Amino acid sequence: MQNPGDTDAAPAERRSDFVRERVQADRSAGKHGGRVLTRFPPEPNGYLHIGHAKSICLNFGLAAEFGGRCNLRFDDTNPSTEDDEYVRSIQDDVRWLGFEPDGLFFASDYFEQLHAWAVRLIEKGLAYVCDLPGEELREYRGTLTAPGRDSPYRARSAAENLALFARMRAGEFPDGARTLRAKIDMASPNMNLRDPVLYRILRAEHHRTGSRWCIYPTYDWAHGQSDALEGITHSICTLEFENHRPLYEWFLAALELEHRPQQIEFARLNLTYAVLSKRKLLRLVKEGHVTGWDDPRMPTLSGLRRRGYTPEALRLFCERIGVAKFNSTVDMVQLENALRDDLNKRAPRVMAVLQPLKVVIENWPEGAAGAHGAGEHVEWLEAVNNPEDPSAGTRTVPFGRELWIEREDFRAEAPKNFWRLKPGQEVRLRYAYYVTCTGFETDASGAPSLVRVRYDPATRGGDSPDKRKVKGTLHWVSAAHALEAEARLCEHLFREAHPEASQGGGHEGAPAAGDFLAHLNPDSVRTLSGCKLEPSMAAARPEQRFQFERHGYFCLDARDSRPGRPLFQRAVALRDSWAKIEQKERAPG
RNA sequence: UACCCCGUGGUGUAACGGUAACACAACAGGUUUUGGUCCUGUCGUUCAUGGUUCGAAUCCAUGCGGGGUAACCA
């Protein structure tokens with residue numbers, strides 16, 4: 001605390017984690033002159049998902065907290081799977097999440113330098129051209145328990161290697177015919193050190209370098225050196241790269257580079273009821289199980305955005321889950337709660353009836369005949385925009401003789417703890433009046449089609465002068481003023497909490513590839529039409545989030561809205577303790 | 001069967017050798033013009049066994065359990 005540099009305590013009461021401690025330690029030790037430079041290094045072969053958000057928040061957060069910087073670097077060393085569409089979406093998503101990269105780079109920017117360094121390695125006798133075809137190369141590498149054998153091409157002279165490597169680059173050999181490998185140790189217990197491949201011959205159009213190259217560096221050869229080139233101080237990656245760290249460091253040492261970034265590994269995010277691997281997400285998209293990368297059921301950032309998530313909620317979530325080395329699975333409700341917490345404070349409240357049932361107030365006064373003919377009596381009542389935020393102010397909503405209420409808010413026969421409308425029961429219509437149910441009508445199928453009530457004129461605004469209590473408060477929409485809309489409600493994409501876990505049905509061996517698809521939830525989307533909204537919603541803008549009172553948080557989906565029929569996407573429902581009570585009463589019987 | 005990493009309540013994280021904390025979930029209450037929000041309470045002898053120490057979740061050893069690693073993917 002005596003350190004005058006410790007000025008960053010104020011807003012960030014965030015709990016520390018092992019990565020931050022590491023960085024702090026390096027900083028106090030004066031490593032890299034106390035400088036902090038991180039990077040977020042996605043491969044442009046898919047859309048970013050919530051797991052990437054964890055990494056983004058870590059990398060950019062670190063930079064922000066330590067007065068450093070953070071780059072966005074595309075790890076585009078494998079042209080066969082990469083695409084500009086992904087480059088664009090990744091940049092959009094990072095910005096949307098709320099981070100502005102200090103530098104924008106591509107590993108492909110370093111191809112020439114990487115090549116020069118490979119030549120240096122050859123000259124030092126630390127790399128060689130290997131003619132082993134793929135299958136044999138694999139054989140020579142040995143197994144997890146058996147050491148590998150030296151390639152027969154391992155002893156080639158530097159001159160020969162230089163010449164062959166030049167011919168590789170010149171395109172004299174077919175794809176896959178030769179590789180450039182580091183000469184390390186074929187008997188190493190660490191597979192990554194068994195003469196790893198640095199370059200492979202691959203004729204594919206690269207999204208940035210076109211057909212300029214027919215040899216491409218591998219991840220291992222490109223990543224650490226790219227870090228070094230940018231002056232990255234802390235190269236943060238996920239656990240599966242732990243075994244790569246010795247190689248990462250071997251390259252930097254072999255090249256005698258002065259700047260030595262520190263690789264630090266953390267556990268990637270796993271989420272219940274979701275799948276978080278680009279390969280699997282790509283499959284969901286390609287096979288049409290979802291409508292696209294931005295399907296509101298997808299855990300992609302574009303999907304969550306469309307769903308109605310806010311960047312703030314995502315950042316809050318990332319802050320709450322922390323960072324560690326333990327492989328864990330975070331409960332989806334954690335994500336949902338982060339959104340609720342954010343939107344509870346910020347989202348304007350509005351009344352929306354999703355599944356309407358008509359209510360008629362029998363003793364409502366006749367209106368004076370007016371321009372609109374019949375002349376129904378209408379009152380404009382004041383409603384609070386956000387009880388959590390007085391500065392959000394109030395609005396007025398029209399109230400008349402005919403109203404819409406939620407179908408599930410009325411029951412012809414109901415248990416005692418059903419506080420809503422039932423024959424003889426009095427409830428409050430929010431911000432309006434107390435009404436008592438006097439009767440109802442049913443349709444041919446016996447379902448309620450209309451509810452009759454009488455109102456108490458003394459309860460205007462929703463308070464009774466005699467202080468009598470009503471348990472239930474219902475939302476409503478004036479039938480004469482209602483806006484028509486659709487609502488899309490989504491459930492989890494998977495019905496299993498752990499869709500990736502193999503379903504050991506007694507079968508031996510690996511589960512069928514794509515087993516996770518078997519757990520897809522067939523009812524993950526439901527679209528309601530004929531929803532009734534209060535008239536103020538005519539001003540709703542795309543991506544604007546609202547709380548539909550007693551329902552949940554919704555946002556206007558511009559993409560699927562049609563003229564005169566806006567579509568509202570439910571981001572997350574409100575907690576529903578009544579549903580819980582009912583479930584419990586049904587279950588234990 | 002090799003090497004690396006990890007193991008704190010239902011879940012996710014904290015405690016940096018000095019009497020286990022926070023969030024979420026669950027459960028029980030309270031407040032409430034959203035069965036929302038908010039508030040209160042309940043829920044763990046830190047995988048096991050030994051060792052070091054006045055003192056161990058923290059250090060050491062062994063065992064057990066989990067994850068990663070045998071792409072010319074990243």
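Throughout, protein chains are lettered first and strands after them, A, B, ... in sequence-line order, and every chain is numbered starting at 1. Bear in mind the structure is a predicted one, so any value in this text is a computation, not a measurement.
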Determine the interplanar angle of the [X] and [Y] rings, folded into 0 to 90°, and report it as parallel if under 30°, tilted if 30 to 60°, perpendicular if over 60°.
X	Y	result
A/Tyr86	A/Tyr47	perpendicular
A/His206	A/Tyr216	parallel
A/Phe241	A/His244	perpendicular

Within the 4.0 Å heavy-atom criterion, would you say [X] contacts the bases, only the backbone, or no part of the nucleic acid?
X	answer
A/Asp175	nothing
A/His475	nothing
A/Phe74	nothing
A/Pro41	nothing
A/Pro147	nothing
A/Thr329	sugar-phosphate
A/Lys580	sugar-phosphate
A/Arg245	nothing
A/Phe241	base
A/Glu43	sugar-phosphate
A/Leu132	base
A/Gln547	base
A/Arg430	base
A/Asp463	base

In whole angstrom, give the distance that lies between atom [atom1] of [X] and atom [atom2] of [N].
X	N	atom1	atom2	value
A/Arg194	B/rC4	CZ	C1'	13 Å
A/Glu585	B/rG35	CD	P	17 Å
A/Phe18	B/rA14	CZ	P	9 Å
A/Gln334	B/rC24	CD	P	8 Å
A/Leu144	B/rC5	CG	P	16 Å
A/Gln263	B/rA74	CD	P	15 Å

Secondary structure of RNA chain B in dot-bracket form (Watson-Crick or G-U wobble, distances below 3.5 Å, | marking inter-strand pairs): .((((((..((((....[..)))).(((((.......)))))....(((((..]....))))))))))).....
Could you tell me whether the phosphate oxygens of [N], OP1 or OP2, come under 4.0 Å of any side-chain nitrogen or oxygen in [X]?
X	N	value
A/Arg141	B/rC72	yes
A/Arg428	B/rU32	no
A/Asn337	B/rA25	yes
A/Thr143	B/rU1	no
A/Ser577	B/rG36	yes
A/Thr77	B/rA74	yes
A/Arg349	B/rU34	no

Quick test of the criterion, 5.5 Å between centres and less than 30° between planes. Is A/Trp578 stacked on B/rG35 or not? yes
Would B/rA71 be called syn or anti here, given the cut-off of 90° from 0?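 Glycosidic conformation of B/rA71: syn.
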[Y] ring center within less than 6.0 Å of [X] ring center:
X	Y	value
A/Phe548	A/His475	no
A/His223	A/Tyr219	yes
A/Trp380	A/Phe399	no

Quick one: CG on A/Leu72 to CZ on A/Arg39, what's the gap to the nearest 0.5 Å? 11.0 Å
Identify whether NZ of Lys or CZ of Arg in [X] sits under 6.0 Å from the centre of the six-membered ring of [Y] and within 45° of that ring's axis.
X	Y	result
A/Arg208	A/Phe106	yes
A/Arg73	A/Phe105	no
A/Arg430	A/Trp476	no

List the residues meeting side chain to side chain donor-acceptor pair (under 3.5 Å) with A/Ser28, not counting sequence neighbours, and say none if there are none. A/Gln24
For A/Glu172, which residues count as a side chain to side chain donor-acceptor pair (under 3.5 Å) partner, sequence neighbours excluded?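 Only A/Arg167 meet the side chain to side chain donor-acceptor pair (under 3.5 Å) criterion with A/Glu172.
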Any side-chain heavy-atom pair from A/Asp456 and A/Tyr433 closer than 4.5 angstrom? no
Are side-chain heavy atoms of A/Arg181 and A/Arg154 found at a separation under 4.5 Å?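 No, side chains not in contact.
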Taking the C1' atom of each, how far is B/rU58 from B/rG18, in whole Å? 11 Å
Return the polar atom pairs (N/O with N/O) between nucleotides 62-67 of chain B and the protein under 3.5 Å, or none.
from, atom 1, to, atom 2, distance (Å)
B/rG67, O2', A/Asn327, ND2, 2.8

Between A/Leu429 and A/Val323, name the one whose nearest nucleotide on RNA chain B is closer to the 5' end. A/Val323
Nearest-nucleotide wise, let me know which of A/Arg200 and A/Ile321 is further upstream toward the 5' end of RNA chain B.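 Result: A/Ile321.
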Going by number, which of residues 178-189 of chain A have a non-hydrogen atom under 4.0 Å from RNA chain B? A/Thr179, A/Pro189
Before giving the answer on salt bridge (charged side-chain N to carboxylate O under 4.0 Å, His left out), spell out for A/Arg149 and A/Glu139 the whole-Å C-alpha distance, their side-chain angles and the decisive distance to 0.1 Å. CA-CA 9 Å; A/Arg149 288 137 54 213; A/Glu139 261 173 50; 5.1 Å; no
Has A/Arg346 got more than 12 heavy atoms of other residues, nucleotides or ligands less than 6.0 Å from its CZ? yes
Any chance you could lay out the salt bridge (charged side-chain N to carboxylate O under 4.0 Å, His left out) test for A/Asp409 and A/Arg550, step after step, and finish with the verdict? CA-CA 11 Å; A/Asp409 283 341; A/Arg550 304 208 303 136; 2.2 Å; yes
Looking at A/Arg320 and B/rG12, is any side-chain donor or acceptor paired with a base atom of the opposite kind under 3.5 Å? no
Protein heavy-atom contacts under 4.0 Å, written 5' to 3' over nucleotides 38-44 of chain B as B (base), S (sugar-phosphate only) or - (none), form the string -------
